[in-house]
Amino acid sequence: MQTEKIYLSLAHMGGREQEFIQQAFDTNWVVPMGPNLDAFEKDLEQFLGNGVYVAGLSAGTAALHLGLILLGVKAGDEVICQSFTFSASANPIVYQGATPVFIDSEHDTWNMSPEHLERAIKDRIAKGKKPKAIIPVHLYGMPANMEAILAIANSYEIPVLEDSAEALGSMYKGVHCGTFGELAVLSFNGNKIITTSGGGALVAKKEEWVQKARFLATQARDAAPHYQHTQIGYNYRMSNIVAGIGRGQMLVLPERVEQRRKNNQFYRKHLAEIDGIIFQIEPSSDFYSNYWLTTILIDPEKTGFTREDLRLTLDRANIEARPLWKPLHLQPVFARSPWYGEKVCETLFANGLCLPSGSSLTDDDLARVVNTVRNMQPVI
Ligand SMILES: *Cc1c(COP(=O)(O)O)cnc(C)c1O
């Protein structure tokens with residue numbers, strides 16, 4: 001029997017996106033500026049709260065790049081980055097000609113270890129270079145330990161650029177992820193909790209910074225009747241069409257968070273009792289994850305199968321699951337970057353799997369995943 005494929009995380013439209021796109025067509029705002037973009041930025045500012053300002057951009061990666069430029073990162077500088085993340089967290093460091101310095105994860109949140117962060121800062125300063133910025137990531141929606149990270153960042157006076165690409169709707173101590181750092185980035189790529197097909201945003205505590213980001217994102221054009229430039233610019237602004245999708249998605253964002261959290265609860269209810277399957281869960285009530293993706297660790301000594309055995313079994317059942325992010329300090333392209341840690345994120349990568357987590361999954365889909373996992377037989 002041919003079953004339908006269950007995907008890891010799919011775009012899930014709310015239904016009103018095309019109304020906003022139609023408005024853009026009706027008024028001919030088919031450009032990278034306009035009423036949808038202004039309104040989407042306002043919607044995000046209101047949702048996040050904490051007095052932040054938002055600039056809509058073409059991608060989360062573009063937002064990280066502009067964030068580093070705003071923080072003055074230049075060729076030869078060093079920037080601290082969580083190792084356990086998607087390559088886009090660190091690539092913009094290299095765009096600037098700077099070097100990423102990678103930090104291991106802590107056990108609780110799987111995000112940046114405050115202990116290794118401080119060790120790295122001290123060591124880099126002792127070696128003659130103070131890092132220019134710190135990029136913690138709220139991976140899979142789980143908030144990083146922001147209190148400890150910010151305390152260290154503040155004591156060494158190093159700004160934080162928060163990678164909140166996977167964590168829209170997540171909170172730490174009741175405050176939205178994406179509002180802790182001097183700057184933060186969001187992503188609306190096709191598989192994120194809300195999507196604009198592709199897109200991102202830079203979030204800033206200071207209004208001047210989003211103004212500067214918008215200026216740089218539109219080719220850094222000075223005020224003059226002709227095209228006058230005193231700085232290098234970029235073409236990173238979000239289109240007004242894409243922002244229309246974003247406005248529609250903002251109407252359903254709370255439902256999307258709720259659904260992903262329900263998926264997580266369902267999996268935990270039906271799988272957590274299996275000896276050797278460990279869930280990444282909120283370490284305490286200070287943490288509120290959007291559970292963008294539900295993630296598990298397999299202990300092969302207890303289950304009798306590895307995460308790769310499980311992934312391949314799911315694949316044969318037409319279910320997409322994915323290994324956790326491969327730590328960046330193990331990626332060939334970053335082999336020469338400094339690294340501070342033990343083997344925490346390396347072990348997570350070896351044993352971890354992301355389960356299908358989209359907000360459009362049906363109860364039957366979730367039951368199919370659960371049954372496939374429960375039917376796994378020991379193979380080792
Ligand atoms: C998706 C993602 C990005 C990049 O965002 P894009 O919009 O795809 O450029 C950056 N960091 C993390 C952790 C992500 O998951």
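Since the model is a prediction, treat every value here as computed from it, not as a measurement.
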Are there over 12 heavy-atom neighbours, none belonging to [X], within less than 6.0 Å of that residue's [atom1]?
X: Glu273; atom1: CD; answer: yes
X: Ile380; atom1: CD1; answer: yes
X: Glu301; atom1: CD; answer: no
X: Asp363; atom1: CG; answer: no
X: Met33; atom1: CE; answer: no
X: Glu147; atom1: CD; answer: no
X: Tyr234; atom1: OH; answer: yes

Item to check | Distance-minimising heavy-atom pair for Leu71 and Leu161 | outcome: CD1-CB, 4.1 Å

Item to check | Shortest non-hydrogen contact from Pro114 toward Glu106 | outcome: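 That closest heavy-atom pairing would be CD-OE1, 3.6 Å.
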
Using the rule that two of Ile, Leu, Val, Met, Phe, Trp, Tyr join whenever any of their side-chain heavy atoms come within less than 4.5 Å, decide whether [X] and [Y] are in one cluster.
X: Leu68; Y: Ile158; value: no
X: Trp110; Y: Tyr340; value: no
X: Leu48; Y: Val210; value: no
X: Met171; Y: Phe180; value: no
X: Ile103; Y: Leu348; value: no

Under a 4.0 Å N-O cut-off, is there an ion pair linking [X] with [Y]?
X: Glu346; Y: Lys326; value: no
X: Asp38; Y: Lys42; value: no
X: Arg261; Y: Glu258; value: no

Checklist entry - Step by step, would you call Leu355 with Ile319 a side chain to side chain contact (heavy atoms under 4.5 Å, CB included)? => result CA-CA 9 Å; Leu355 297 177; Ile319 296 167; over 6 Å; no

Before we go on, tell me: are the rings of [X] and [Y] under 6.0 Å apart, centre to centre?
X: Phe287; Y: Tyr172; result: yes
X: Trp339; Y: Phe102; result: no
X: His176; Y: Phe47; result: yes

Next on the checklist: Taking side chain to side chain donor-acceptor pair (under 3.5 Å) as the criterion, tell me which of Lys130, Lys129, Arg124, Lys132 meets it with Glu78.
Outcome noted: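 Looking at Lys130, Lys129, Arg124, Lys132, the match for Glu78 under the side chain to side chain donor-acceptor pair (under 3.5 Å) is Arg124.
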
Close side-chain approach of [X] to [Y], heavy-atom, < 4.5 Å:
X: Leu328; Y: Ser87; answer: yes
X: Thr99; Y: Pro338; answer: yes
X: Arg307; Y: Pro300; answer: no
X: Thr294; Y: Phe279; answer: yes
X: Gln18; Y: Met13; answer: no
X: Gln219; Y: Asn235; answer: yes
X: Asn318; Y: Glu4; answer: no
X: Val101; Y: Val79; answer: no

Find the distance between [atom1] ([X]) and [atom2] ([Y]) and round it off to the nearest 0.5 Å.
X: Trp29; Y: Thr27; atom1: CH2; atom2: OG1; answer: 7.5 Å
X: Met142; Y: Ser289; atom1: CE; atom2: OG; answer: 4.5 Å
X: Ile296; Y: Ile281; atom1: CD1; atom2: CD1; answer: 14.0 Å

Checklist entry - For the residue pair Phe84 and Tyr140, does the interplanar ring angle fall in the parallel (under 30°), tilted (30 to 60°) or perpendicular (over 60°) class? => result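 The rings of Phe84 and Tyr140 stand perpendicular, inter-plane angle above 60°.
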
Next on the checklist: Just to verify, which of Ile80, Val160, Ile93 counts as forming a side-chain contact (heavy atoms from CB on, under 4.5 Å) with Ile135?
Outcome noted: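 Of the listed options, the one satisfying the test is Ile93.
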
Item to check | Gln23: side-chain hydrogen bond (donor to acceptor under 3.5 Å, both in side chains) partners, not counting sequence neighbours | outcome: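 Partners of Gln23 under the side-chain hydrogen bond (donor to acceptor under 3.5 Å, both in side chains) test: none.
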
Look at the side chain of [X] and the backbone N and O of [Y], then say whether any donor-acceptor pair between them is shorter than 3.5 Å.
X: Asp77; Y: Val73; result: no
X: Asp365; Y: Thr362; result: yes
X: Gln96; Y: Ala75; result: no

Item to check | Candidate pair Phe20 and Phe25, rule ring pair (Phe, Tyr, Trp, His ring centres under 6.0 Å), full reasoning | outcome: CA-CA 9 Å; Phe20 295 108; Phe25 274 71; over 10 Å; no

Checklist entry - What residues form a salt bridge (charged side-chain N to carboxylate O under 4.0 Å, His left out) with Glu308, not counting sequence neighbours? => result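 Here the qualifying residues are Arg311.
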
Next on the checklist: Suppose we screen for salt bridge (charged side-chain N to carboxylate O under 4.0 Å, His left out). Which residues come up paired with Glu41, at least two apart in sequence or across chains?
Outcome noted: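 Checked Glu41 against salt bridge (charged side-chain N to carboxylate O under 4.0 Å, His left out); matches are Arg214, Arg237.
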
Next on the checklist: side chain to side chain contact (heavy atoms under 4.5 Å, CB included), that's the test. Do Tyr291 and Lys262 meet it? Break it down for me.
Outcome noted: CA-CA 9 Å; Tyr291 284 118; Lys262 272 196 193 146; over 6 Å; no

Checklist entry - Between Asn145 and Thr109, is a side-chain hydrogen bond (donor to acceptor under 3.5 Å, both in side chains) present by the stated rule, with each step listed? => result CA-CA 7 Å; Asn145 188 345; Thr109 63; over 6 Å; no

For residues 50-64, which side-chain donor-acceptor pairs fall under 3.5 Å, sequence neighbours excluded?
unit_1, atom_1, unit_2, atom_2, d
Asn50, ND2, Thr179, O, 3.4
Asn50, ND2, Thr179, OG1, 3.0
Ser58, OG, Tyr236, O, 3.4

Taking atom types as modelled, find out whether [X] and [Y] have a side-chain donor-acceptor pair closer than 3.5 angstrom.
X: Ser357; Y: Asn263; answer: no
X: Arg260; Y: Ser9; answer: yes
X: Asn111; Y: Gln82; answer: yes

Next on the checklist: Pair Glu320, Lys5 - check salt bridge (charged side-chain N to carboxylate O under 4.0 Å, His left out), show working.
Outcome noted: CA-CA 8 Å; Glu320 184 187 24; Lys5 176 140 184 160; 5.6 Å; no

Next on the checklist: Please determine whether side chain to side chain contact (heavy atoms under 4.5 Å, CB included) holds for the pair Leu10 and Asn191, giving the CA-CA distance in whole Å, both sets of side-chain angles, and the decisive distance to 0.1 Å.
Outcome noted: CA-CA 5 Å; Leu10 289 179; Asn191 62 359; over 6 Å; no

Check: residues 243-254 side-chain donor-acceptor pairs under 3.5 Å, at least two apart:
unit_1, atom_1, unit_2, atom_2, d
Arg247, NH1, Asn36, OD1, 2.9
Gln249, OE1, Thr195, N, 2.9
Gln249, NE2, His12, O, 3.0
Gln249, NE2, Glu17, OE2, 2.9

Next on the checklist: Tell me every residue that passes side chain to side chain contact (heavy atoms under 4.5 Å, CB included) with Glu342, counting only those two or more places apart in sequence or in another chain.
Outcome noted: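 Scan of Glu342 (side chain to side chain contact (heavy atoms under 4.5 Å, CB included), adjacent residues dropped) gives Asp104, His116.
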
